[in-house]
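For reference, the structure is listed below as structure tokens.
Counting convention: from 1, in listed order, for ligands and their atoms alike.
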Amino acid sequence: MFNACRRGPASLSRVLRAGSTLHLQSARPSTLSLITQCATKPSIESRWVHVASQLRQQATGAQSVPRESVQNQQQNVAVTKFQELIDYNLVHPNVVNEITRGMGLHTMTEVQSKTINQALRGDDIIAQARTGTGKTIGFLLPMIQNILRENPDFATRKRYSRARPSDIRSIIISPTRELAEQIAVEAEKLCANTDLRVQVAVGGNSKRAMLRKMQMEGCHLLVATPGRLNDLLTDPYSRVSAPKLTTLVLDEADRLLDDGFSKDIEDIIQLLPDRREVERQTLLFSATVPKEVMHLVRRTLKSNFHFVQTVQEGQQATHEKVPQRIVTIPGIENYLPCLLELAKREISKAAEAEAKGADFKPFKAIVYFNSTANVELAARIFEELRAESGAFGRHPLHPTEIIEMHSRLTQERRTRASDRFRRAKSAILFSTDVTARGMHFPNVSHVIQMGTPPNQEQYVHRIGRTGRADQTGEGFIFIPEHEIPEARRRLRGLPVSPDKSLEASKLDMSREAQLPAGLATSLDQLFAAVKIVDRDTKIKAYMSCMGQPAASPVDNVQALNRWTKFGWGWPAPPAISQSMAMKLNISRVPGINIQRNRLFEDRDAADDLNGPSRSREGRLDNFPDSRKFGRGGDSSREFGRDSRGMGRGGFDRRDRSTGRGGYDRRDRGMSRGSRTDDASSLF
Ligand SMILES: Nc1ncnc2c1ncn2[C@@H]1O[C@H](COP(=O)(O)OP(=O)(O)OP(=O)(O)O)[C@@H](O)[C@H]1O
């Protein structure tokens with residue numbers, strides 16, 4: 001979207017100006033938020049009208065109350081309990097009862113109270129509130145009531161529905177398929193006792209099957225991802241249209257208005273009825289609204305829109321109830337040892353609490369990486385962990401499940417993965433940002449981020465997967481030393497406190513060290529698992545990190561090379577073609593392993609940079625298994641001086657020629673190190 005703006009006063013703005021009701025808002029964001037706060041606050045605090053018994057008696061007929069009367073009541077009433085929506089005849093009981101009786105929710109959250117009251121008046125709204133505060137009901141409820149008010153017939157469930165795919169009254173756009181499906185499930189719950197038909201249209205699923213369902217059942221409320229929605233609205237054979245559209249919702253609005261989706265949103269708005277002919281309400285919701293999107297927000301909404309902000313400027317965008325810890329680590333090779341140590345610690349804490357009959361929360365974590373290839377590698381390694389040697393050994397984290405989630409999976413596998421994680425009592429979900437926004441998985445105890453997130457907003461959304469509604473949770477972020485300056489910049493102002501509780505976070509893999517027995521065992525298990533994972537998966541992970549923007553390409557290349565050496569035991573980092581190195585502007589970076597005429601490397605690299613879709617079985621690494629870590633002593637074990645020649649920090653003694661642990665900044669070419677295809681060199 002920002003690109004679109006740079007291209008000239010965004011073509012989106014041109015599209016939007018086509019609607020007569022659209023006047024460009026000239027107020028700056030700060031002024032704007034002040035204005036709206038003034039406008040909304042009194043209605044909540046001072047205009048409160050006590051529930052009158054005569055209004056209670058009218059509770060059954062919200063749909064039959066004339067619009068003007070509803071508006072008059074809305075002028076004076078700001079409800080904070082769902083039941084009061086019935087009491088004041090604001091929302092049909094068939095919808096409200098699903099919330100109070102079906103979901104057991106009674107008191108509105110702050111964002112719900114503010115948005116529901118405002119949106120029932122028909123105003124355009126942008127709402128910003130912390131993650132997990134119930135924004136979904138905040139837009140669904142007024143949206144459904146707005147349809148029922150115009151079409152009272154839909155308020156009760158009929159045996160036979162005569163809806164068609166062209167009956168769409170509301171469209172909700174979500175940036176991800178999983179989120180669209182989640183919203184549709186929630187919408188279906190609210191509409192269960194009405195005659196409204198909810199459909200979901202997302203990419204990755206069969207379009208034909210989706211259209212058949214839509215044609216059989218009809219559609220009043222469509223939840224969709226931008227690409228599939230665009231496709232449906234432009235396909236003349238789909239018969240999907242929205243001539244009577246009354247509400248458009250953009251959930252995760254800032255994401256939908258950014259570069260990645262702006263073109264689709266622009267096209268979709270062009271395909272919707274002209275606002276001069278069909279009056280439409282637009283609702284934008286997100287936990288983050290960066291200043292940069294405010295001008296696009298103003299263009300998307302009517303000029304008198306309301307900005308509902310429950311997070312004021314200068315306040316933390318994350319929950320205070322979620323302690324957030326930052327763990328600095330020597331290098332990327334420490335990620336998985338740290339994760340394994342943390343998982344074991346939290347799993348045994350939960351088990352102890354359970355045994356004592358104390359309150360406990362099973363370990364259920366989402367681990368975020370910045371690339372798909374890294375998610376695949378970490379998940380594969382964790383799947384291969386064994387407490388004892390042999391393929392059929394017990395998993396050291398049993399019964400915690402290992403699940404992976406990213407866009408390279410088929411839609412069917414993605415759906416299965418989210419369902420599995422949703423149902424799991426204890427699990428680790430390795431994920432890309434595909435689950436970072438909006439996804440509600442119950443009882444997530446930990447959100448663990450590996451490396452610096454792309455931006456502060458993404459950090460906020462990721463951490464928001466825990467501590468939702470009235471729950472607690474914890475956040476960890478692991479930052480390798482070379483990323484600290486950039487991480488400091490991106491995480492400025494966030495309530496993260498340093499954590500040094502993990503032994504593995506202090507472990508310099510390139511040096512000899514005395515290790516506690518528990519850590520030595522974990523490293524042993526990780527090493528055995530790394531050995532099993534195929535080479536291609538590792539190369540893709542390396543290439544994907546290479547392709548990511550880095551503050552210092554030199555530090556980045558060196559950190560990645562160190563990872564391949566001490567994390568995987570490779571004598572030299574993966575070869576990268578000259579052309580790829582030039583494309584990434586790293587061909588002169590010391591330590592880069594440039595190989596000419598290796599077409600397959602080029603292909604792999606291109607795959608990783610562009611997000612490959614094909615999956616291949618790669619070769620297995622062929623480490624001799626003669627040098628296992630073995631069991632440590634009771635308290636500690638000297639790492640590197642045992643009879644198996646562990647090498648310093650798991651690094652082979654033969655490799656000393658390359659300096660400490662075989663690698664330091666002076667060692668400009670990993671390829672100079674002697675080959676250590678050796679078990680002991682992995683960790
Ligand atoms: N009034 C309420 N009281 C208690 N729980 C609620 C209430 N409203 C919604 N919830 C619950 O809170 C959880 C989070 O809701 P929801 O997914 O809508 O949050 P959100 O604000 O959209 O989060 P995100 O910013 O991550 O998208 C859900 O389980 C929902 O059922």
Side-chain angles (χ1 to χ4, degrees), residues 44 79-85 91 95-117 119 125-144 172-190 192 223 249-256 283-290 308-311 316-319 321-322 364 366 368 418 421-423 431 433-444 447 456-473 475:
I44 306 286
V79 298
T80 55
K81 300 252 187 284
F82 288 110
Q83 176 60 37
E84 289 159 4
L85 294 168
V91 179
V95 183
V96 181
N97 287 340
E98 281 307 313
I99 298 178
T100 52
R101 294 181 198 162
M103 300 179 188
L105 304 176
H106 300 284
T107 306
M108 293 179 186
T109 59
E110 189 186 0
V111 66
Q112 286 171 344
S113 172
K114 288 186 174 175
T115 52
I116 291 169
N117 283 287
I125 289 176
I126 169 153
Q128 180 187 9
R130 289 194 176 91
T131 51
T133 51
K135 292 189 286 296
T136 314
I137 290 181
F139 60 74
L140 281 179
L141 201 133
M143 193 189 79
I144 293 168
I172 302 167
I173 309 181
S174 139
T176 64
R177 300 166 185 178
E178 283 73 20
L179 182 56
E181 276 164 2
Q182 184 181 288
I183 296 168
V185 169
E186 193 105 338
E188 267 165 8
K189 280 188 206 157
L190 298 197
V223 192
V249 178
L250 305 192
D251 193 17
E252 307 299 339
D254 56 326
R255 176 75 186 98
L256 290 173
L283 306 174
L284 310 186
F285 278 67
S286 184
T288 50
V289 183
V308 173
Q309 247 184 326
T310 62
V311 189
Q316 305 295 355
T318 52
H319 295 278
K321 64 182 175 180
V322 178
K364 188 167 175 181
I366 307 184
Y368 286 106
S418 20
F421 187 62
R422 206 168 268 127
R423 282 196 308 267
S431 182
D433 279 333
V434 74
T435 62
R437 281 176 176 262
M439 291 303 290
H440 181 76
F441 297 109
N443 306 319
V444 173
V447 166
Q456 188 160 128
E457 284 75 34
Q458 214 57 15
Y459 174 93
V460 170
H461 286 279
R462 287 171 172 184
I463 210 84
R465 298 315 99 206
T466 188
R468 297 172 71 72
D470 48 4
Q471 300 243 320
T472 55

> If you count the atoms of ligand 1 from 1 in the order shown, which ones are under 4.0 Å from a heavy atom of E252?
Replying inline: 27 (O)
>> Show the nearest heavy-atom pair for residues V96 and F82, with the distance to one decimal.
In response: CG1-O, 3.3 Å
>> Under 3.5 Å between any N/O of T136 and any N/O of ligand 1: does that happen in this structure?
In response: yes
> Where is the nearest protein heavy atom to atom 25 (O) of ligand 1: which residue, which atom, and how far?
Replying inline: K135 NZ, 2.7 Å
> Looking only at heavy atoms, is any part of T131 under 4.0 Å from ligand 1, and if so is it the side chain, the backbone, or both, or is it neither?
Replying inline: both
>> Any non-hydrogen side-chain atom of K321 less than 4.5 Å from a side-chain atom of T472?
In response: no
> How long is the gap from OG1 on T176 to CE on M439, to the nearest 0.5 Å?
Replying inline: 6.5 Å
>> Protein non-hydrogen atoms only, distance under 4.0 Å: does atom 9 (C) of ligand 1 have such a neighbour?
In response: yes
>> Nearest 0.5 angstrom please: I116 CD1 to L141 CG, how far?
In response: 5.0 Å
> Would you call G132 a ligand 1 contact, heavy-atom distance under 4.0 Å?
Replying inline: yes
> Should I172 and L140 count as side-chain neighbours, where that means a heavy-atom distance under 4.5 Å?
Replying inline: yes
> Any idea which atoms of ligand 1 are less than 4.0 Å away from a heavy-atom of T107?
Replying inline: 1 (N), 2 (C), 3 (N)
> What atoms of ligand 1 come closer than 4.0 angstrom to any heavy atom of T109?
Replying inline: 1 (N), 2 (C)
>> Quick test of your reading of the structure: of H461, R437, R468, Q471, whose heavy atom lies closest to atom 14 (C) of ligand 1?
In response: R468
> Is the shortest N/O to N/O distance between E186 and ligand 1 below 3.5 Å?
Replying inline: no
> Where is the nearest protein heavy atom to atom 29 (O) of ligand 1: which residue, which atom, and how far?
Replying inline: H440 NE2, 2.9 Å
> If you count the atoms of ligand 1 from 1 in the order shown, which ones are under 4.0 Å from a heavy atom of R465?
Replying inline: 26 (O)
> What's the spacing between I137 CD1 and M103 CE if we round to 0.5 Å?
Replying inline: 4.5 Å
>> Counting non-hydrogen protein atoms only, what is the nearest one to atom 11 (C) of ligand 1? Give residue, atom name and distance.
In response: A469 CB, 4.2 Å
>> For the CZ atom of F285 and the CD1 atom of I126, what is their distance to the nearest 0.5 Å?
In response: 9.5 Å
> How does M439 reach ligand 1, if at all, at less than 4.0 Å between non-hydrogen atoms: by side chain, backbone, both, or neither?
Replying inline: neither
> Touching ligand 1 at all, F285? Heavy atoms, strictly under 4.0 Å?
Replying inline: no
> Tell me, which protein residue and heavy-atom name are nearest atom 27 (O) of ligand 1, and how many Å apart are they?
Replying inline: G438 CA, 3.1 Å
>> Just to check, does M103 reach to within less than 4.0 Å of ligand 1 when the distance is taken from its heavy atoms?
In response: no
> Roughly how far apart are L85 CG and N117 CG, rounded to 0.5 Å?
Replying inline: 7.5 Å
> In this structure, which one of Q182, E186, R468, R422 forms a side chain to side chain donor-acceptor pair (under 3.5 Å) with H440?
Replying inline: R468
>> The test is side chain to side chain contact (heavy atoms under 4.5 Å, CB included); show your working for D433 and Y368 and say whether it passes.
In response: CA-CA 7 Å; D433 279 333; Y368 286 106; 3.9 Å; yes
> Does the side chain of E178 come within less than 4.5 Å of V434's, by heavy atoms?
Replying inline: yes
> With only distance considered, is L105 within less than 3.5 Å of ligand 1 through an N or O on each side?
Replying inline: no
> Does G134 reach ligand 1 with a nitrogen or oxygen that is under 3.5 Å from one of the ligand's nitrogen or oxygen atoms?
Replying inline: yes
>> How long is the straight-line distance from CG of L190 back to CD1 of I99, given to the nearest 0.5 Å?
In response: 5.0 Å
